[in-house]
Visitor: 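Encoded as structure tokens, here's the structure I'll be asking about.
Keep in mind the model is a prediction, meaning the values are calculated, not measured. Throughout, protein chains are lettered first and strands after them, A, B, ... in sequence-line order, and every chain is numbered starting at 1.
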There are 2 protein chains.
Amino acid sequence: MRLAELSAESGVAVATLKYYLREGLLHPGRTLSRTSADYDESHVDRVRLVRALSEVGGLSLATIEQVLEVITEPGTDRLHVLEAAQRTLVRAGARTPDGADGGSTQRVRDWIERHGWEIDPMDPFIDDLARAWEACDHAALGLDEDRMDRYAEHVEGIATVDVSTVPEDPEAAVRHVVLGTLLVDPVLVALRRLAQQHVSRRAERVGP
Amino acid sequence: MRLAELSAESGVAVATLKYYLREGLLHPGRTLSRTSADYDESHVDRVRLVRALSEVGGLSLATIEQVLEVITEPGTDRLHVLEAAQRTLVRAGARTPDGADGGSTQRVRDWIERHGWEIDPMDPFIDDLARAWEACDHAALGLDEDRMDRYAEHVEGIATVDVSTVPEDPEAAVRHVVLGTLLVDPVLVALRRLAQQHVSRRAERVGP
DNA sequence: CATCTTGGATAGTGGAACTATCTCACTAGC
DNA sequence: GCTAGTGAGATAGTTCCACTATCCAAGATG
């Protein structure tokens, strides 16, 4: 198919597709002549994935490029699947260069240990959690360790579902973990809003 | 305190604080003379909140302005606390103007009904969920209704914790719900990453 | 053959979030 | 009192990002 057809198929403007080609987000089509190239289903899929990561996942195009690099690159050996995926996710989530201060990071490490989770103490998501927790503190939301325990219990259930659905094939696994993490996040966020509605409505009916 | 002190206290550049003042994100200090104004703790808190919503929550300054408007505005009556909060959150989460197509929205409505949640069929988060779910479909992540049920079960637990921690006072409640939703999202996202690590490591030790 | 597309290259646009400069009143030190 | 320096406010400029519009030459189309 030609670029204009790819545009029609994916709903993305031709000029934008050219831009994606330039930026390396979209692999070039098979050049037929100086004025025509052939694109196939893989291009449609790719464009849709880029749009999904951008619009639903909220990632920047630069980040998307890195994500694509990892999930399309073969040669990840079986043992390091999750490791590779996590490394990608770390870079995908990188927001500000400045980390949380040492104190709040230590609080997270302590909490993890007390909670009984087996996590590498240098895991970069510890820093993310520390920053997010700290922000809740400043806003006086009363997010204490007890409430964190209760959240963690439910999140562990979610993670169990996540892990149980990872395919055997190592290459598919990296793709699944990376995309499953990035794209399911918004699903869970929306579910949380809906569940809050349901729960509070139920409480209202039962309560006063 | 003077603007320079507020800057030192909050770690935000003076020029940026001036910009926030111009944009109405920061309430003006008490003007002492043509060349000095007095800022207090409320300003420090406000700046930290803006930074938290921006850096941790990933909101745009325009959105933050709307959020601040709602949580600082008094006069929300007791009954409409959650409604007001949800309306704010809808606007806070608004990304792209185009919604999901009718089919995938209907699937979400059907799923909600089968799942037994009591949700307004016109709730705007249904559209968010539809879009996010659709994106997972395109990526072939195998997110079927069964897996959605399992996610929902755990998310309901999270929402129960959320609702149980909302304060009685209606004004405090709006603030708590809005900020608690926006700022705790990143906490849960980070927790999910860590929990995946923990769960998969545990599975590895038990399994092959 | 004349016209219309197409792919590729280059430059321009608009919005967001700052940042730098300028002016002028005020204040502190002498 | 006088001068040097600082702070507040206003204005204009910068940087980055994600596109978008224009141009051109080669090739397809009628």
Visitor: Provide, to the nearest angstrom, the distance between the CD atom belonging to Glu5(A) and the P atom belonging to dT5(C).
Guide: 14 Å
Visitor: Would you tell me whether Arg46(B) and Tyr39(B) have side-chain atoms, one donor and one acceptor, within less than 3.5 Å of each other?
Guide: no
Visitor: Given that Leu32(A) and Ala13(A) both sit by DNA chain D, which one's nearest nucleotide is further toward the 5' end?
Guide: Ala13(A)
Visitor: Whole angstrom is fine here: how far is it from CZ in Arg34(A) over to C1' in dT5(C)?
Guide: 14 Å
Visitor: Indicate yes or no: does Asp149(A) engage Arg114(A) in a salt bridge with an N to O separation below 4.0 Å.
Guide: no
Visitor: Starting from the C-alpha separation in whole Å, work towards a yes-or-no answer on side-chain hydrogen bond (donor to acceptor under 3.5 Å, both in side chains) for Thr160(B) and His154(A).
Guide: CA-CA 11 Å; Thr160(B) 305; His154(A) 298 298; over 6 Å; no
Visitor: How long is the line joining CG of Leu53(A) and P of dC17(D), in whole Å?
Guide: 18 Å
Visitor: If the threshold is 4.0 Å, N to carboxylate O, is there a salt bridge linking Arg131(A) and Asp128(A)?
Guide: yes
Visitor: Check for a donor-acceptor pair, side chain of Ser200(A) on one end and backbone N or O of Gln196(A) on the other, with a separation under 3.5 Å.
Guide: yes
Visitor: Can a side chain N or O of Ser54(B) be found less than 4.0 Å away from OP1 or OP2 on dA17(C)?
Guide: no
Visitor: Can you check the Arg30(B) CZ to dG9(D) P distance for me, whole Å?
Guide: 13 Å
Visitor: Go through dG27(D), dA18(D), dC26(C) for me and flag the one nearest to the Leu61(A) side chain.
Guide: dA18(D)
Visitor: Would you mind reading off the distance between Leu3(A) atom CG and dG8(C) atom C1', rounded to a whole angstrom?
Guide: 11 Å
Visitor: Please give me every residue in residues 17-25 of chain B whose heavy atoms get under 4.0 Å of an atom in DNA chain D, ordered by residue number.
Guide: Lys18(B), Arg22(B)
Visitor: Please report the distance, rounded to the nearest Å, between CZ in Arg2(B) and P in dT6(D).
Guide: 12 Å
Visitor: If you assign each of Thr35(B) and Thr16(B) to its closest nucleotide in DNA chain C, which residue comes earlier from the 5' end?
Guide: Thr16(B)
Visitor: To the nearest Å, how far apart are Gln66(B) CD and dA16(C) C1'?
Guide: 15 Å
Visitor: Should Arg193(A) and Asp123(B) count as an ion pair when the cut-off is N to O under 4.0 Å?
Guide: no
Visitor: Can a salt bridge be assigned to the pair Asp120(A) and Arg201(B) using a cut-off of 4.0 Å between side-chain N and carboxylate O?
Guide: no
Visitor: Between dA17(C), dA20(C), dC18(C), which one does the side chain of Arg51(B) approach most closely?
Guide: dC18(C)
Visitor: Looking only at side-chain atoms of Ala4(A), point me to the closest of dA26(D), dA25(C), dT6(C).
Guide: dT6(C)
Visitor: Check every strand shown and say whether Ala15(B) touches a base, only sugar-phosphate, or nothing at a heavy-atom separation below 4.0 Å.
Guide: base
Visitor: Rounded to the nearest Å, what distance is computed from the CD atom of residue Glu65(A) to the C1' atom of nucleotide dA18(D)?
Guide: 14 Å
